[in-house]
Asks: 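Before we start, here is the structure in question, set down as structure tokens.
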Amino acid sequence: MATRYNSRMSDLNPAQLAAATHGDGPLLIIAGAGTGKTRTLVHRVAHLIERGVPPERILLLTFTRRAAQEMLGRVERLVGKACHHVQGGTFHATAHRLLRRYGAAAGVPSDFTIMDQEDSQDLMHMARVQLGYGDKTKRFPKKETLHRVYSRHVNTDIPVGTILADEFPQFAEFLPDITRIFADYTARKGTRNLVDYDDLLLFWAGMLESSPEVAARIAALYDHLLVDEYQDTNLLQARILRGLCRNHTNVTVVGDDAQSVYSFRGASFRNILDFPQQFEGTSVVTLEQNYRSSQPILDTTNTLISRARERFTKVLWTTRTGGDRPWLVTARDEDEQTRFVVDRILELYEGGTPLREMAVLFRAGYMSAAIEIELTNRKIPFEKWGGLRFLEAAHVKDVLAFLRVLENPRDEVSWYRILLLLPGIGDLTARSAIAAMAQAAWESSSFARYRAPARAHAAHASLVTLLDTLRTGDTAQTVSGDIARVRKLYDDILRERYDQAEPRLADLDQLETIAGGYPSRSAFLSAIALEPPSNTHDLAVGDHEDEDVLVLSTAHSAKGKEWDAVFLIWAVDGWFPTTRAINDDAGLEEERRLMYVALTRARHHLAVSYPLQVYGSRRGADYSVDQLSRFLDRGVREKMERVVVGTPDQAPIMPAPPPIVPIDLRALMRERFGTAESR
DNA sequence: TTTTGAAGTCTCTCC
DNA sequence: GACTTCAAAA
């Protein structure tokens, strides 16, 4: 038994070995980028299993489902199929599983529906309108803002008033109104049997803190807890961990404060810094030897992150020698940038680097549009991670809404969405129908009994028929069968509503296919809310691991990954860092860490590019001259190789004299804070 | 009361 | 440059 695993352990360096074979008690692993963090965690799981810990009593919390699967796959290669029973997934998915099983005991009905972010915002909107904040006498926060404040409050425990004062001072005066809306929002979720993302965590923490019997049962499920990417967890998640540590303190967390990039959802690298205080007797292991990147790349990224205000000091080093310096590519404009990236990709490909070993990274999803077009033209296969998602498309959400009201007749958000689709029904009719159903305690035939106005008779009748068919066929029917039936009604509406119907109909075909893989409607609905397919390839059946496809990804979605060659595009001030963060120290620091994450993905080749001139309407201008990202300061640039493509001194092709737009600080301030200029 | 057209907003990151 | 929201017409 020990032989197999001992031989595997020889792959590890002393620090990794110490972490992997750590006994009981809390363990904090500070792991710099590319230092074999995953390898260490994988070996630790293997070690625990070999030591006799039952796999099903190990809980591995990761940032994405993909990360969990990848790790468990590697554990399997070490210890065999025993690891199949290791519990794993995201915090949210784990919370979901536990709530379905133990929620009832803690007062949470087990048949709830999960709302995604947009649903939550819609429900927030309903609360807002209901309470009479719809009229525009004064500037009042929109549903997105309301939801953001709410979510931050739940995840960080920061009082709503403080959040408003810090981040939305222009809305601070509305605190009492906002509090009322939040109260109504919460009540609505309760009566409609809806649960948002934050509730999943909140109820999990609640089960552990308020109900001793349930808490004991849940805490007794696991002997060892392991958490990956701990720098991206928030206070609520830390509370959950503490709650799980009733009977033992066998909790291992791994993270890198320099890679904390999710503060927008309440994460704080404080969690890492405070871990030793929260768990007494913590052992700390630091991993500093980098196995990923060449020395010149490391020199560049080390310099970049050395500018950070506050961090654990650790300098990554490698024994690898040689390698090219990263390129800093100045392109005349976006076209030149695109051409450079695609040409270089082909060059590397000709040289033997598979497409799968290359990635193009950017700050936000929409920045890859030009590259996508060019790749399509040149017939280079790619997949895109992050950015706008398939499931967020309006037509997909429409179809899902039908399934959701079947699953949860009290789902007000979905009812409203469906009703508005029907000809002859608008806002008012939809609300009155919903009110009638609420009156009838959401009894399933109450919609059929609703007396629709004359012009909506036909629509009402066909919807009643459809829902009846779907309800009665319940037992024998498949989820994709349900969707097919919904589409008999919906496809016509879709053609009516959208200009380019064809690609949208194709999306629905795909949805039908995915649904085929799920045993029940509720399993399907929960799964797609918690683990949405992250790229178009995930949607197709089967695995595509072996396919040779280039990756386009947001910097966020690239975290935890690595490639032989990495291209970071749009390294322009105002894009990366985004303008939103420029007046905010903490935001700027996070942007810097995000760029650090992006650049440290590269093993051998790294190119950072930025176009000098941008055409098109950005703040109303036809044209602007851009500056290199402030993060690539002189010290960083000295570690890089400068490359110029296009002819930058050539006069730009454009109408009229160049209306160069300086950043108007006053306008920005006015936008942020209303009228006052001082601050 | 719904629908349609036009002005206005605001750009992100993810479970 | 896309999507939402607001206002007028059917």
Asks: Would you mind telling me which of dC12(B), dT1(B), dC14(B) lies closest to the side-chain atoms of Thr554(A)?
Replies: dC14(B)
Asks: Round to a whole Å and report the spacing from CD1 of Ile240(A) to P of dC15(B).
Replies: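 Taking CD1 of Ile240(A) and P of dC15(B), I get 16 Å after rounding.
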Asks: Taking only side-chain N and O atoms of Ser557(A), does any of them lie within less than 4.0 angstrom of OP1 or OP2 on dC14(B)?
Replies: yes
Asks: Which part of the nucleic acid does Leu594(A) contact within heavy-atom distance under 4.0 Å: base, sugar-phosphate only, or nothing?
Replies: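 Touches nothing.
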Asks: Not counting sequence neighbours, list each pair that qualifies as a salt bridge (charged side-chain N to carboxylate O under 4.0 Å, His left out) and has a residue in residues 416-426 of chain A.
Replies: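 Every pair satisfying salt bridge (charged side-chain N to carboxylate O under 4.0 Å, His left out) with a residue in residues 416-426 of chain A: Glu118(A)-Arg417(A), Asp398(A)-Arg417(A).
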Asks: OP1, OP2 of dC14(B) versus side-chain N and O of Thr64(A): anything below 4.0 Å?
Replies: no
Asks: Nearest to the side chain of Lys143(A), which nucleotide is it out of dT5(C), dC12(B), dT1(B)?
Replies: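 Nucleotide nearest to Lys143(A)'s side chain: dT5(C).
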Asks: Going by the salt bridge (charged side-chain N to carboxylate O under 4.0 Å, His left out) test, which pairs reach into residues 198-207 of chain A, not counting sequence neighbours?
Replies: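 For residues 198-207 of chain A, and leaving out neighbouring residues, the salt bridge (charged side-chain N to carboxylate O under 4.0 Å, His left out) pairs sorted by first residue read Lys189(A)-Asp199(A).
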Asks: Looking at every strand, decide which applies to Arg148(A) at a 4.0 Å heavy-atom threshold: base, sugar-phosphate, or nothing.
Replies: base
Asks: Looking for any heavy atom pair under 4.0 Å, which part of the strands does Phe91(A) touch: base, sugar-phosphate only, or nothing?
Replies: nothing
Asks: In whole Å, I'd like the distance from the CZ atom of Phe576(A) to the C1' atom of dT11(B).
Replies: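 In whole Å, dT11(B) C1' lies 17 Å from Phe576(A) CZ.
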Asks: Applying a 4.0 Å non-hydrogen cut-off, can you work out what Pro453(A) is touching in the nucleic acid: base, sugar-phosphate, or nothing?
Replies: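 Nothing, no heavy atom under 4.0 Å.
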Asks: Keeping Ser263(A) on the side-chain end and Ser260(A) on the backbone end, is there a donor-acceptor pair under 3.5 Å?
Replies: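 Side chain of Ser263(A) to backbone of Ser260(A), a donor-acceptor pair under 3.5 Å: no, none is there.
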Asks: I'd like a table of atom pairs between the protein and nucleotides 8-10 of chain B - only N or O on both sides, under 3.5 Å - with the distance next to each one.
Replies:
residue : atom : partner   : partner atom : Å
dC10(B) : OP1  : Lys142(A) : NZ           : 3.1

Asks: Which residue lies toward the 5' end of DNA chain B, Ile425(A) or Gln117(A), if each is placed at its nearest nucleotide?
Replies: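 Per heavy-atom nearest nucleotide, the more 5' residue is Ile425(A).
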Asks: On DNA chain B, compare the nucleotides closest to Pro423(A) and Leu530(A); which residue's is nearer the 5' end?
Replies: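 That would be Pro423(A).
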Asks: Are the ring of Phe264(A) and the six-membered base ring of dC12(B) within the stacking cut-offs of under 5.5 Å and under 30°?
Replies: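 Stack criterion not met.
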Asks: Residues in salt bridge (Lys or Arg N to Asp or Glu O under 4.0 Å) with Arg593(A), at least two apart?
Replies: Glu590(A)
Asks: Considering only dC12(B), dC14(B), dC15(B), which nucleotide approaches the side chain of His92(A) most closely?
Replies: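 So the side chain of His92(A) is nearest to dC15(B).
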Asks: Applying side-chain hydrogen bond (donor to acceptor under 3.5 Å, both in side chains), can you list everything that pairs with Tyr102(A), at least two apart in sequence or on another chain?
Replies: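 side-chain hydrogen bond (donor to acceptor under 3.5 Å, both in side chains) check on Tyr102(A) returns nothing, list empty.
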Asks: Calculate the interatomic distance between Gln121(A) atom CD and dC14(B) atom P; express it in whole Å.
Replies: 15 Å
Asks: Taking only residues two or more places apart in sequence or in another chain, which ones pass side-chain hydrogen bond (donor to acceptor under 3.5 Å, both in side chains) with Tyr450(A)?
Replies: Ser432(A)
Asks: With sugar-phosphate meaning primed atoms plus P, OP1 and OP2, does Asp427(A) contact a base, only sugar-phosphate, or nothing at under 4.0 Å between heavy atoms?
Replies: sugar-phosphate
Asks: To the nearest 0.5 Å, how far apart are CD1 in Ile493(A) and NE2 in His395(A)?
Replies: 14.0 Å
Asks: What is the distance from CD of Glu144(A) to P of dT13(B), rounded to the nearest Å?
Replies: 14 Å
Asks: Is the base of dC12(B) touched by the side chain of Arg363(A) through a donor-acceptor pair closer than 3.5 angstrom?
Replies: yes
